[in-house]
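Below you'll find the structure, written out as structure tokens, and then a few comments.
All values below come from the heavy atoms of this structure, side chains included, with hydrogens, waters and symmetry mates left out.
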Amino acid sequence: LNDWRMIDVTTRKPLWHPQYTGEGFCPRNPEFAESYREYASYLISETGIDGLSADDGRYFYGYNACACEHCRAELQRRAGIDLPPVEDSSFWGNWDNPAWHHWLDLRYDTMGKFYEDLSKTLPEGFMLTGCGAASATPGALMNACDARVLRRGWNYINMELVGNTPPYKNDPLTGNSPFAVRIAHSSHHQAAAWEGGLRAFCTAFAHNTASANHAWALCKLLDADA
């Protein structure tokens, strides 16, 4: 398991995520991806479930992920360079450098391939989705999260409404997006679903009846399953 861990771009040591108080495995690591597929098949055979939310497989750690040998090797193959240190501004965030584009693209490709390969091992008609929070934001680039890429394997598009719906008193510790922002972000997911001939659904978080009703109404407004 230690060999599967994501490596921090900054420290080049196993990456620790404070928000989740844990580490993560790299989806580009072929041994991890194969083991994931094997476990999913085992889980299905033992339980008879007919759907799976394969959550949080994306680069949740943002641009700090991932400097493992497999990610670096892919950048070397595509761009002919080793992954530079974070102090190298000629690479990091430099849109005039083709290698920077290669780096972003390979991370998206990693997630698309991970879910695509997983879907091929699942029974016919099996539902597959995952974490799908707002692939129309700058953070989506940082996390390599886009519903148009993820649907390479997904057949059910998640438009996750992260945080409080509706917003709660400008709480600084949780996501409190206004409804207008929710509609804009989720419409992108819905469009990705329609383009792929798929259905979308909302995962909403509500803590009382009134909030639940608001979340349900937003899902129906977007013509999504709730």
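With Met6 as reference, Pro27 is the one residue of Cys68, Pro14, Cys71, Pro27 to meet the side-chain contact (heavy atoms from CB on, under 4.5 Å) rule. Each of Trp100, Trp92, Phe91 was checked for a ring pair (Phe, Tyr, Trp, His ring centres under 6.0 Å) with Tyr63, and the lone residue meeting it is Trp100.
For the atom pair CD of Glu160 and CZ of Phe205, the computed distance is 4.5 Å after rounding to the nearest 0.5 Å. Annotation: the span from Glu31 atom CD to Leu1 atom CG amounts to 10.5 Å, rounded to 0.5 Å. Remark: Glu74 CD to Asp105 CG distance equals 10.5 Å, nearest 0.5 Å. To the nearest 0.5 Å, the span separating CG on Asp109 from CD on Glu116 amounts to 10.5 Å. Atoms CZ and OH, from Arg152 and Tyr108 in turn, are 13.5 Å apart once rounded to the nearest 0.5 Å.
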Show your reasoning for whether side-chain contact (heavy atoms from CB on, under 4.5 Å) applies to Arg5 and Leu15. CA-CA 7 Å; Arg5 293 182 294 183; Leu15 197 155; over 6 Å; no
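Legend: residues meeting side-chain contact (heavy atoms from CB on, under 4.5 Å) with Pro30, ordered by chain and number and at least two apart, are His70. With sequence neighbours excluded, the residues that form a side-chain contact (heavy atoms from CB on, under 4.5 Å) with Asp82 are Arg72, Gln76.
Relative ring orientation between Phe179 and His214 is described as tilted, the plane-to-plane angle lying within the 30° to 60° band.
Using modelled atom types and a 3.5 Å distance limit, the side chains of Thr129 and Asn158 yield no donor-acceptor pair.
Of the possible polar contacts, one joining the Thr121 side chain to the Leu118 backbone as a donor-acceptor pair under 3.5 Å is found. Here the side chain of Ser45 pairs a donor or acceptor atom with the backbone of Tyr42 at under 3.5 angstrom. Of the possible polar contacts, one joining the Asn176 side chain to the Tyr168 backbone as a donor-acceptor pair under 3.5 Å is found.
The minimum heavy-atom distance linking Asn94 with Ser89 is given by the pair CB-O, 3.7 Å. The minimum heavy-atom distance linking Ala67 with Arg12 is given by the pair CB-CD, 3.8 Å.
Aromatic pair Phe25/Tyr36: ring centres not closer than 6.0 Å.
Criterion: ILVMFWY side-chain heavy atoms under 4.5 Å apart, direct or through other members. Under it, Phe114 and Leu106 are not part of a common hydrophobic cluster.
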